2 protein chains.
Amino acid sequence: MARRSDHTREELWRLAIDASKKIVEIEGLRGLRARQIARDIGYTIGTLYNLFDDLDDLIMHMNGETLDQLMEECSKVELTQDPNMDLERLVHCYLNFTHENAKLWNAVFEHKLPEGRPVPDWFSDKVSRLLHLIECALAPILTGRSDAEIHQHARILWMSLFGMTVLEGSGRLQEGETSLTLARTLIKTYVHGLQREP
Amino acid sequence: MARRSDHTREELWRLAIDASKKIVEIEGLRGLRARQIARDIGYTIGTLYNLFDDLDDLIMHMNGETLDQLMEECSKVELTQDPNMDLERLVHCYLNFTHENAKLWNAVFEHKLPEGRPVPDWFSDKVSRLLHLIECALAPILTGRSDAEIHQHARILWMSLFGMTVLEGSGRLQEGETSLTLARTLIKTYVHGLQREP
DNA sequence: TAAATAAATTGATCGCCGATCAATTTCAAG
DNA sequence: CTTGAAATTGATCGGCGATCAATTTATTTA
């Protein structure tokens, strides 16, 4: 049997990714099994491997969609040219998302491609687009500085936020501590440092 | 055969952990197999499972030793009461270590315990001790502020640095970018922000 | 319409993996 | 010398990711 008219290739792709997300949302990335995905969408393993190179490939696409979702949320933030407020809002949005989609967000950085297999360009691009949001919010504070400098500060903030969500996701925050309050303090202090600096 | 006098339980434990480190250093955490460890130390799987609960347990202990090593290195840094210099040195030490032990360091955060299995206290304690180093370096700048506040800033810096090494480890830094230069800028800007703040 | 072609789907199969456990062997205490 | 406790083995289990020849279906061609 082949080319059953139940679903197009695209529909099948959607079914598989959605099923994967559901599993990860409940059991985490560790609980994701090719056999389970196939069972959930009513096809067999073979079909799954006709859609994706392997599990790593499937996971990359799933994670890619998570980045897309995050981008979509953060894009809603309207920039006011006031870096303090803009960054505050962006961070709020970012952390809101990583909270509400904790398991999926964890999957984004928990997953590692095998040794020697490069991150696909389309994936890196999604990250770059998120970074660009921070750059835009940060720009007004850094007039007169090189693009490279702006870019660097944006990346520093991005990585720092990232570290917080990682540690929060692995349950290593302390009692009474939320990544939101930590991130707020980070942004506030960092921006302060930028403003007063030559 | 049992209780062969070749090795004490402690020696065996060392052999297993060391063999694991060697494998991870070459192949990364993904390449770590119980069977390989057993083979490398000249025992069978059964013996390995007599020493450790399971692979997760073994990995936690291996990662624990990595934290110990990092702590040992960072402890060598003598504090001068000049936060800028002290932090600079600490960061230098930290990043030196994570560079030279990249794969092992990656293993520390790549590894995740299964759903619902808490991080052992002895492991969290090791992290706390590292954090305390940063607190001490940071303290002179924050005279008059509460311990909680000092603690928070220390944790923010720790998490930020962490985020950088994570992204560096997964090959997501850009060309010409090193976590050392990024971290330097982070510390400089953040400390600046702290100093000028009311 | 019929035959040929291309694509999708299956499921048996392979070689691994982590983990378990009854049987066996060794050591140390009595 | 006997006995019991601890260590060690290796066969075994269930499950995994991945592969692929065989089969089925849809589309294209004649």
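To find a chain, count down the sequence lines: A is the first, B the second, and so on, and within it residues start at 1. Everything numeric in this text was worked out from a predicted model, so none of it was measured.
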Roughly, in whole Å, what's the span from [atom1] in [X] to [atom2] in [N]?
X         : N       : atom1 : atom2 : result
His7(B)   : dT8(D)  : NE2   : C1'   : 14 Å
Leu15(B)  : dT8(D)  : CG    : C1'   : 15 Å
Asp6(B)   : dT25(C) : CG    : P     : 17 Å
Arg117(B) : dG18(C) : CZ    : C1'   : 13 Å
Leu58(A)  : dA18(D) : CG    : P     : 10 Å
Tyr43(B)  : dT24(C) : OH    : P     : 21 Å
Asp53(A)  : dA18(D) : CG    : P     : 10 Å
Arg9(B)   : dA5(D)  : CZ    : P     : 17 Å

Pull out every protein N or O sitting under 3.5 Å from an N or O of nucleotides 14-17 of chain D, one pair per line with the distance.
{"residue": "dG17(D)", "atom": "OP1", "partner": "Ala34(A)", "partner atom": "N", "Å": "3.2"}
{"residue": "dG17(D)", "atom": "OP2", "partner": "Ala34(A)", "partner atom": "N", "Å": "3.1"}
{"residue": "dG17(D)", "atom": "N7", "partner": "Arg35(A)", "partner atom": "NH1", "Å": "2.4"}
{"residue": "dG17(D)", "atom": "O6", "partner": "Arg35(A)", "partner atom": "NH2", "Å": "3.1"}

Show me the side-chain donor-acceptor pairs of residues 127-134 of chain A shorter than 3.5 Å, one per line, residues at least two apart or across chains.
{"residue": "Ser128(A)", "atom": "OG", "partner": "Ser124(A)", "partner atom": "O", "Å": "3.1"}

Checklist entry - Does anything in residues 23-32 of chain A pair up under side chain to side chain donor-acceptor pair (under 3.5 Å), and if so which pairs, sequence neighbours excluded? => result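 Non-adjacent pairs meeting side chain to side chain donor-acceptor pair (under 3.5 Å): Arg30(A)-Asp56(B).
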Checklist entry - How would you list all residue pairs meeting salt bridge (charged side-chain N to carboxylate O under 4.0 Å, His left out) that involve residues 95-105 of chain B, not counting sequence neighbours? => result Glu115(A)-Lys103(B)
Next on the checklist: I need the full list of salt bridge (charged side-chain N to carboxylate O under 4.0 Å, His left out) pairs touching residues 62-74 of chain B, with sequence neighbours left out, sorted by first then second residue.
Outcome noted: Arg14(B)-Glu65(B), Lys21(B)-Glu65(B), Asp68(B)-Lys126(B), Glu73(B)-Lys76(B)
Next on the checklist: If you only use heavy atoms from C-beta on, which nucleotide in dA7(D), dA8(C), dG11(C) is closest to the side chain of Thr44(A)?
Outcome noted: dG11(C)
Item to check | ring pair (Phe, Tyr, Trp, His ring centres under 6.0 Å) contacts touching residues 71-95 of chain B (sequence neighbours left out) | outcome: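 Matches after skipping sequence neighbours: Tyr94(B)-Trp105(B), Tyr94(B)-Trp158(B).
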Next on the checklist: Students often get this wrong, so: under 4.0 angstrom with heavy atoms, is Leu12(B) touching a base, only sugar-phosphate, or nothing?
Outcome noted: sugar-phosphate
Item to check | Parallel, tilted or perpendicular: rings of His61(B) and Trp122(B) (30°, 60°) | outcome: parallel
